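Heads up: the structure comes next, in structure tokens.
It should be emphasised that the depicted structure is a prediction, and the values quoted were computed from it without experimental measurement. Numbers restart at 1 for each chain; the letters A, B, ... are given by sequence-line order, proteins then strands.
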Number of protein chains: 2
Amino acid sequence: MSQMQNVERQLREMILGLEIGPGERLTERWIESRFGASRTPVRAALLRLETEGLIGRDGRGWTVAPINLAELGQIAVYREAVEVAAVRLTAALEDRSGIDVIAAMLDSCDAETPREEWHRVGMDFHIELARLSGNEFLLRAVRDAMTRLSRARWLEVRDEKALGRAWAEHHAILAAVRSGDAEEAARLLSDHIAGSRDRLVASLHDDRRGLRARGFAVVAA
Amino acid sequence: MSQMQNVERQLREMILGLEIGPGERLTERWIESRFGASRTPVRAALLRLETEGLIGRDGRGWTVAPINLAELGQIAVYREAVEVAAVRLTAALEDRSGIDVIAAMLDSCDAETPREEWHRVGMDFHIELARLSGNEFLLRAVRDAMTRLSRARWLEVRDEKALGRAWAEHHAILAAVRSGDAEEAARLLSDHIAGSRDRLVASLHDDRRGLRARGFAVVAA
DNA sequence: GATACCATTTTGGTATACCAAATTGGTATC
DNA sequence: GATACCAATTTGGTATACCAAAATGGTATC
């Protein structure tokens with residue numbers, strides 16, 4: 001594990017965990033002193049985070065990517081395309097063992113589970129489902145999309161009922177995959193993604209003043 | 001245009017143009033002397049090319065990505081997902097002017113057009129069609145897929161008849177988009193991509209000995 | 001030929017100096 | 001307050017030195 005990878009991982013965690021907020025300036029010298037690394041691995045880490053869309057350029061300097069409401073809609077279209085393609089492949093597979101693993105992962109979440117874990121499992125459901133497709137490009141696309149959505153999903157106000165509904169939808173998708181019904185799985189997944197996007201955009205839009213009050217950059221376009 | 005961007009652009013061109021062949025070793029010091037740059041911008045350029053899938057790691061060193069026949073199949077599935085999603089969005093648009101630009105681009109190719117231009121326009125057709133969708137993620141996915149396919153498509157043995165057929169398919173897709181028939185456009189595009197993949201894989205598989213004789217790394221998995 | 005050993009060379013990770021470009025903050029003027 | 005000017009500071013692009021890890025090639029042995 002090189003220094004570069006360490007810095008990249010830690011920065012990613014700080015950004016996704018909102019310790020460094022959307023829109024914040026990032027300077028190489030700050031990162032160096034923060035992580036006790038020299039400029040070379042820091043710069044390499046920044047380059048990699050840039051390609052993940054977590055940071056971008058502001059003039060010459062670096063900033064953390066803002067929460068972009070318009071982008072959420074575009075990502076939803078993108079994820080629907082790649083996730084549905086993946087779930088069709090997965091539903092055609094004979095080996096169902098991977099589905100059981102995912103179901104167990106979903107079931108590991110209960111009333112005692114911390115919110116962070118619910119958040120992670122909710123995203124991993126999609127990533128792991130795509131992994132079962134065996135298509136590396138679809139997997140990477142889904143993982144990329146979930147990373148880009150991670151902060152927004154975390155900021156979304158969700159109650160127990162919403163979580164319960166999402167989990168029920170997850171299970172329904174798994175059931176369709178398990179029974180080899182690719183059309184049904186695709187339809188359920190499409191609906192799930194669309195519903196998820198609508199609730200997400202509405203929640204963040206309603207709460208944008210509150211988010212901005214916390215210093216987060218929230219942009220509409 | 002920084003040194004890093006210059007090195008990245010030139011390296012990409014050399015790789016896509018097969019001046020540096022699939023599987024070849026790349027060392028930072030060679031690149032430095034080749035382009036008269038120092039290590040820092042060279043390393044940054046390498047990192048970026050790595051995320052584009054054009055180069056990868058061989059142990060600690062760098063190599064140009066091989067021609068991977070299995071990957072071609074996976075990319076085809078991926079491109080179908082994202083290109084079809086994009087063409088559906090585009091077919092729903094009221095503004096058809098972008099379609100005319102693409103049609104004109106296709107028509108710019110004739111018997112006098114050098115092969116390089118046919119190659120570029122053939123790929124740009126897909127990229128520009130995706131651009132019309134207005135979805136940045138779909139556009140980037142299509143561009144990424146075409147970049148990864150570029151070398152293989154160049155190496156594919158194609159005669160005038162094959163090119164003519166591909167161009168007719170391009171025009172048919174455009175016509176469906178122009179008439180707002182998203183289903184027809186999606187179907188035609190899917191068929192086009194599947195046909196294209198089958199011919200590509202078959203051509204490269206048939207010619208793999210010849211390619212290896214040229215020093216190109218061609219792998220099946 | 002195959003294998004082991006070892007000295008030498010190569011290579012990528014890192015640290016740091018230098019410098020131009022950009023930013024910031026203070027001051028003056030209206 | 002708004003605007004202009006400018007010195008000081010900050011910041012990222014680049015160059016280069018250092019070093020550990022990896023690779024290479026020669027030699028010895030079976």
Could you give the [atom1]-to-[atom2] distance, from [X] to [N], as a whole number of Å?
X: A:Asp58; N: D:dG12; atom1: CG; atom2: P; result: 11 Å
X: B:Asn6; N: D:dT14; atom1: CG; atom2: C1'; result: 14 Å
X: B:Gln5; N: D:dG12; atom1: CD; atom2: P; result: 16 Å
X: B:Trp30; N: C:dG12; atom1: CH2; atom2: C1'; result: 17 Å
X: B:Arg60; N: D:dC19; atom1: CZ; atom2: P; result: 15 Å
X: B:Glu32; N: C:dT11; atom1: CD; atom2: C1'; result: 11 Å
X: A:Trp62; N: D:dG13; atom1: CH2; atom2: C1'; result: 11 Å
X: B:Arg29; N: D:dA23; atom1: CZ; atom2: P; result: 15 Å

Which residue, A:Ala37 or B:Glu28, contacts DNA chain C at a nucleotide closer to its 5' end, judged by nearest heavy atom?
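Closer to the 5' end of DNA chain C: B:Glu28.
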Comparing B:Arg25 and A:Arg25 on DNA chain C - which has the more 5′ nearest nucleotide
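Closer to the 5' end of DNA chain C: B:Arg25.
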Would you mind telling me which of D:dG12, C:dT16, C:dG12 lies closest to the side-chain atoms of B:Arg39?
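Side chain of B:Arg39 sits closest to C:dG12.
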For [X], report the nucleic acid contact type (base, sugar-phosphate, nothing); a contact means any heavy atom under 4.0 Å.
X: B:Thr40; result: base
X: B:Thr27; result: sugar-phosphate
X: A:Leu46; result: nothing
X: A:Ile31; result: nothing

Salt bridge check: are B:Asp144 and B:Arg148 linked by an N-O gap of less than 4.0 Å?
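Yes.
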Is any side-chain N of the basic residue among B:Glu8 and B:Arg12 closer than 4.0 Å to the acidic one's carboxylate O?
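Judged by the 4.0 Å cut-off on N to carboxylate O distance, B:Glu8 and B:Arg12 do form a salt bridge.
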Just N and O in the side chain of A:Arg57: are any of them under 4.0 Å from OP1 or OP2 of C:dA22?
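Checking C:dA22 against A:Arg57, no side-chain N or O comes under 4.0 Å of OP1 or OP2.
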I'd like to know if the side chain of B:Ser150 reaches the main chain of B:Met146, judged simply by a donor and an acceptor atom lying under 3.5 Å from each other, with no hydrogens or angles considered.
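Not at all, since once roles are kept as given, no pair shorter than 3.5 Å links the two residues.
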Tell me whether B:His126 contacts the main-chain N or O of B:Arg143 through its side chain, where contact means a donor paired with an acceptor under 3.5 Å.
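Not at all, since once roles are kept as given, no pair shorter than 3.5 Å links the two residues.
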Can you tell me the base-pairing partner of C:dG25? Count Watson-Crick or G-U wobble geometry only, both distances below 3.5 Å, and say none if there is no partner.
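The answer is D:dC6, by the H-bond criterion.
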Suppose we define a pair by two distances each less than 3.5 Å, Watson-Crick or G-U wobble; what does C:dC30 pair with here?
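Partner of C:dC30: D:dG1.
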Is any side-chain heavy atom of A:Phe216 closer than 4.5 Å to a side-chain heavy atom of A:Leu155?
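Side chain of A:Phe216 against side chain of A:Leu155, heavy atoms only: contact under 4.5 Å found.
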